[in-house]
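This is a predicted model, so every value here is computed, not measured. Protein chains get the first letters and strands the later ones, always in sequence-line order, with residue 1 at the start of each. These numbers come from the heavy atoms of this one structure, side chains and all, not from hydrogens, waters or symmetry mates.
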2 protein chains.
Amino acid sequence: MGRRARLRAQTTAEIKAIALKHLSEGGPDALSLRAIGREMGMSGSAIYSYFETRDALITTLINDIYTSLLDQVETARDAVAPDDIAGRILAWGQAVRLWALANPEGFRLIYGDPVAGYHAPAGGPAPEAAKRACLGLTELAAAAWPYAKATQASTDHQWSDFSPGLADTIREHFPDLPPAAVALALRMWGRMHGLISLEVYGHLGTQTGDPAKLYHAELLDLIRSLGLGVEHARQPGMPRTST
Amino acid sequence: MGRRARLRAQTTAEIKAIALKHLSEGGPDALSLRAIGREMGMSGSAIYSYFETRDALITTLINDIYTSLLDQVETARDAVAPDDIAGRILAWGQAVRLWALANPEGFRLIYGDPVAGYHAPAGGPAPEAAKRACLGLTELAAAAWPYAKATQASTDHQWSDFSPGLADTIREHFPDLPPAAVALALRMWGRMHGLISLEVYGHLGTQTGDPAKLYHAELLDLIRSLGLGVEHARQPGMPRTST
DNA sequence: CACTAAGTTTGAACGGCGTTCTGATTTAGG
DNA sequence: CCTAAATCAGAACGCCGTTCAAACTTAGTG
């Protein structure tokens with residue numbers, strides 16, 4: 001719209017940018033409205049014109065960060081040929097870890113206790129991003145399902161096990177997918193998340209000096225357990241010598 | 001020693017008890033030295049006679065909680081016959097999850113960002129407990145290794161991949177264990193940790209209504225991928241009908 | 001143009017926090 | 001008994017999120 005709205009958008013963006021800067025430089029404690037205002041030459045209370053409360057600002061940050069994570073992960077996945085299922089799973093998993101290591105504060109913001117006394121709104125701070133993550137993993141699980149169903153269908157899952165919103169969305173995108181495959185997608189999520197969060201929170205560094213190798217082995221084991229041959233997990237750039 | 005020391009120990013215990021109470025009742029934000037003092041009829045600064053700083057108190061709490069977690073997990077594991085490897089793994093995994101759900105604040109304290117601006121001391125807040133956890137998992141991995149090595153030894157691990165302290169401790173307890181088995185133990189840790197932390201932090205609840213089933217399926221898949229038949233994973237109390 | 005209504009900003013204020021410091025009080029040991 | 005150490009209260013400092021009244025700036029209307 002007019003100049004007013006432009007200034008407002010610019011100031012909002014500056015607040016978020018400085019918040020992210022403080023977050024990555026000084027950790028979660030450095031994120032304070034007063035400090036942001038100080039750096040902008042504003043009083044701390046002025047920020048309340050742009051965000052209803054500190055938690056609202058944090059929620060917005062989580063949304064932005066979660067979205068950027070998914071952009072990056074989906075890009076990495078799409079750099080691998082669609083028929084190379086193992087390669088796409090590997091790319092997804094590696095992208096999540098690399099992003100988490102590059103943006104540990106962002107990872108904590110999304111998956112941990114974000115910051116002192118922050119309370120997420122009902123439905124989570126970033127429902128669309130979370131759905132995108134879930135859907136992306138489901139897509140991988142769906143592609144692997146023909147190979148994996150022989151070994152992965154031991155426990156019986158029903159659609160009623162999942163939230164209605166998720167179930168409907170998935171059935172819309174993947175009409176013939178059984179609920180067990182959705183469970184597989186969530187378990188894949190957990191499997192990637194486990195080692196990454198242990199590493200980000202420093203519980204792995206005291207035990208092993210090479211978390212990357214550990215994580216890679218875990219991804220390979222995941223691929224193998226899905227019935228996808230390890231030889232399918234080509235490194236990016238490698239020609240398809242053997243199938 | 002004398003009466004003085006007894007009073008001191010008692011007051012110290014009361015501080016920790018109230019801190020835990022506030023933690024579980026009001027979340028991490030409710031943990032404050034002033035609030036603890038208020039409830040004890042003491043001034044907030046008086047606590048500095050018992051703990052050098054707030055972080056020292058938190059470190060002590062983490063130590064206590066982590067130790068109690070391991071006590072419980074080890075008890076659950078030892079309730080299963082030593083030769084029932086799959087059952088012991090299952091018991092371990094289930095015990096961790098049940099403990100985490102019963103003590104979510106404790107779980108966050110150990111594995112997440114504990115509380116506003118807490119900084120863990122060098123070497124981690126609870127090194128002995130962490131070592132116990134690692135060793136317990138290694139014991140499980142070692143027991144499963146004869147069955148698992150055929151499929152789990154794909155990536156090559158060296159002893160130099162692990163921290164010297166851990167490597168020495170393990171080689172002392174399990175002289176013939178290859179480093180790949182230690183990597184397996186850490187990956188088992190990650191696998192259990194992933195779904196549990198997603199659930200504790202509320203990322204699973206919005207997707208599935210039955211995290212228990214999901215987690216159980218994950219444990220069964222883990223056991224299967226180790227080459228241990230699923231039929232080995234008896235429910236506690238079930239007679240050994242088939243092997 | 002003037003004028004009003006909305007949006008923006010400030011600065012003080014409130015209550016909370018961890019931490020430090022000064023004194024007072026209690027207690028243990030020589 | 002008396003001295004030195006331990007324990008405690010209370011004020012103080014600087015930080016925080018949030019609220020509020022008052023000043024200031026801008027946009028839109030008559």
Side-chain angles (χ1 to χ4, degrees), chain A residues 1-16 18-19 21-23 25-62 109 113-121 125, chain B residues 1-16 18-19 21-23 25-62 109 113-121 125:
Chain A
M1 292 261 184
R3 195 178 69 113
R4 193 90 177 230
R6 216 174 330 125
L7 278 180
R8 185 181 172 80
Q10 183 181 318
T11 307
T12 306
E14 189 180 354
I15 291 173
K16 294 204 288 186
I18 294 182
K21 200 187 97 186
H22 286 189
L23 197 63
E25 285 179 356
D29 326 342
L31 198 150
S32 101
L33 297 185
R34 288 178 127 117
I36 293 171
R38 215 176 295 134
E39 179 146 343
M40 295 177 61
M42 278 192 353
S43 87
S45 56
I47 300 181
Y48 283 81
S49 290
Y50 299 90
F51 294 94
E52 215 167 33
T53 178
R54 191 200 57 148
D55 283 12
L57 168 59
I58 296 176
T59 297
T60 304
L61 292 181
I62 294 178
L109 214 55
D113 290 316
V115 90
Y118 168 73
H119 288 283
Chain B
M1 289 265 184
R3 195 177 70 111
R4 192 92 178 223
R6 214 172 333 122
L7 279 180
R8 183 182 175 81
Q10 182 181 321
T11 307
T12 305
E14 190 181 355
I15 291 173
K16 295 204 287 184
I18 293 182
K21 200 186 95 184
H22 286 190
L23 198 63
E25 285 179 357
D29 326 342
L31 198 151
S32 99
L33 297 185
R34 289 178 126 118
I36 294 171
R38 215 174 297 136
E39 180 146 342
M40 295 178 60
M42 278 192 356
S43 86
S45 57
I47 300 182
Y48 284 81
S49 291
Y50 299 89
F51 294 94
E52 215 167 33
T53 179
R54 189 199 59 147
D55 283 13
L57 167 60
I58 296 177
T59 297
T60 305
L61 292 181
I62 293 178
L109 214 55
D113 290 317
V115 90
Y118 168 74
H119 288 283

K.L.:
Hey, does the side chain of A/Thr53 reach the backbone of A/Ala56 with a donor-acceptor pair shorter than 3.5 angstrom?
P.N.:
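Flag not set: sc A/Thr53 to bb A/Ala56 has no pair under 3.5 Å.
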K.L.:
Please examine the side chains of B/Glu14 and B/Ile36, heavy atoms only from C-beta on, and report whether any two atoms are closer than 4.5 Å.
P.N.:
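Result no, sub-4.5 Å side-chain heavy-atom pair not found.
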K.L.:
CZ of A/Arg8 versus C1' of C/dA6: gap in Å, rounded?
P.N.:
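Those two atoms, CZ and C1', are 12 Å apart.
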K.L.:
What is the distance, rounded to the nearest whole Å, between atom CD1 of A/Ile47 and atom P of D/dT19?
P.N.:
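Answer to the nearest Å: 14 Å.
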K.L.:
Expressed as a whole number of angstroms, how long is the span from B/Leu7:CG to D/dA5:C1'?
P.N.:
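Between C1' of D/dA5 and CG of B/Leu7: 16 Å.
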K.L.:
Could you check how far CE of B/Met42 sits from P of D/dG10, rounded to whole Å?
P.N.:
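So the CE-P distance, B/Met42 to D/dG10, works out to 12 Å.
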K.L.:
Holding to side-chain contact (heavy atoms from CB on, under 4.5 Å), I want the full list of residues that pass it with B/Ser49, two or more places apart in sequence or in another chain.
P.N.:
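Checked B/Ser49 against side-chain contact (heavy atoms from CB on, under 4.5 Å); zero matches.
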K.L.:
Examine C/dT8: is either OP1 or OP2 under 4.0 Å from a nitrogen or oxygen in the side chain of A/Ser49? Give yes or no.
P.N.:
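Looking at the OP1 and OP2 atoms of C/dT8, neither is under 4.0 Å from any side-chain N or O of A/Ser49.
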K.L.:
Taking the side chain of B/Ala35 as its heavy atoms from C-beta onward, which of C/dT10, C/dC17, D/dC8 lies nearest to it?
P.N.:
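For B/Ala35, the side-chain atoms sit closest to C/dC17.
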K.L.:
Heavy atoms only, 4.0 Å cut-off, all strands: where does A/Ala46 land among base, sugar-phosphate and nothing?
P.N.:
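Base: the residue A/Ala46, judged by heavy atoms under 4.0 Å, touches a nucleobase.
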K.L.:
Find the distance A/Arg38:CZ to D/dC15:C1' and express it as a whole number of Å.
P.N.:
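Spelled out: CZ on A/Arg38 to C1' on D/dC15 is 8 Å.
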K.L.:
At less than 4.0 Å, is any side-chain N or O atom of B/Tyr50 found next to OP1 or OP2 of D/dC8? Yes or no.
P.N.:
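Result: yes.
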K.L.:
One character per nucleotide, please: for nucleotides 19-30 of chain C, 5' to 3', B when the base has a protein heavy atom closer than 4.0 Å, S when only the sugar-phosphate does, - otherwise.
P.N.:
BB------BS--
K.L.:
Rounded to the Å, how far apart are B/Asp29 CG and D/dC16 P?
P.N.:
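About 17 Å, once rounded to whole Å.
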K.L.:
May I ask you to evaluate whether B/Ser32 reaches the phosphate of C/dG18, defined as a side-chain N or O under 4.0 Å from OP1 or OP2?
P.N.:
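True: B/Ser32 side-chain N/O within range (under 4.0 Å) of C/dG18 OP1/OP2.
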K.L.:
Between atom CZ in B/Arg6 and atom C1' in D/dT7, what is the gap in whole Å?
P.N.:
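Taking atom C1' of D/dT7 as the reference, CZ of B/Arg6 is at 17 Å.
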K.L.:
What do the steps show when you test B/Leu31 against B/Ile58 for side-chain contact (heavy atoms from CB on, under 4.5 Å), and what is the final call?
P.N.:
CA-CA 9 Å; B/Leu31 198 151; B/Ile58 296 177; 4.3 Å; yes
K.L.:
Can you sort out the partners of A/Ala30 under side-chain contact (heavy atoms from CB on, under 4.5 Å), two or more places apart, ordered by chain and number?
P.N.:
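Checked A/Ala30 against side-chain contact (heavy atoms from CB on, under 4.5 Å); matches are A/His22.
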K.L.:
Specify the separation, in whole Å, of atom NE2 of B/His22 and atom P of C/dC17.
P.N.:
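Going from NE2 in B/His22 over to P in C/dC17 covers 10 Å.
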K.L.:
Could you walk me through whether B/Phe51 and B/Lys16 pass side-chain contact (heavy atoms from CB on, under 4.5 Å), step by step?
P.N.:
CA-CA 10 Å; B/Phe51 294 94; B/Lys16 295 204 287 184; 4.0 Å; yes
K.L.:
When you measure from the side chain of B/Asp55 to the backbone of B/His119, do you find a donor-acceptor pair of N or O atoms at a distance under 3.5 Å?
P.N.:
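Side chain of B/Asp55 to backbone of B/His119, a donor-acceptor pair under 3.5 Å: yes, one is there.
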K.L.:
Mind checking B/Gly41 for me? I need base, sugar-phosphate or nothing, with any heavy atom below 4.0 Å counting as a touch.
P.N.:
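Since only primed, P, OP1 and OP2 atoms lie under 4.0 Å of B/Gly41, the category is sugar-phosphate.
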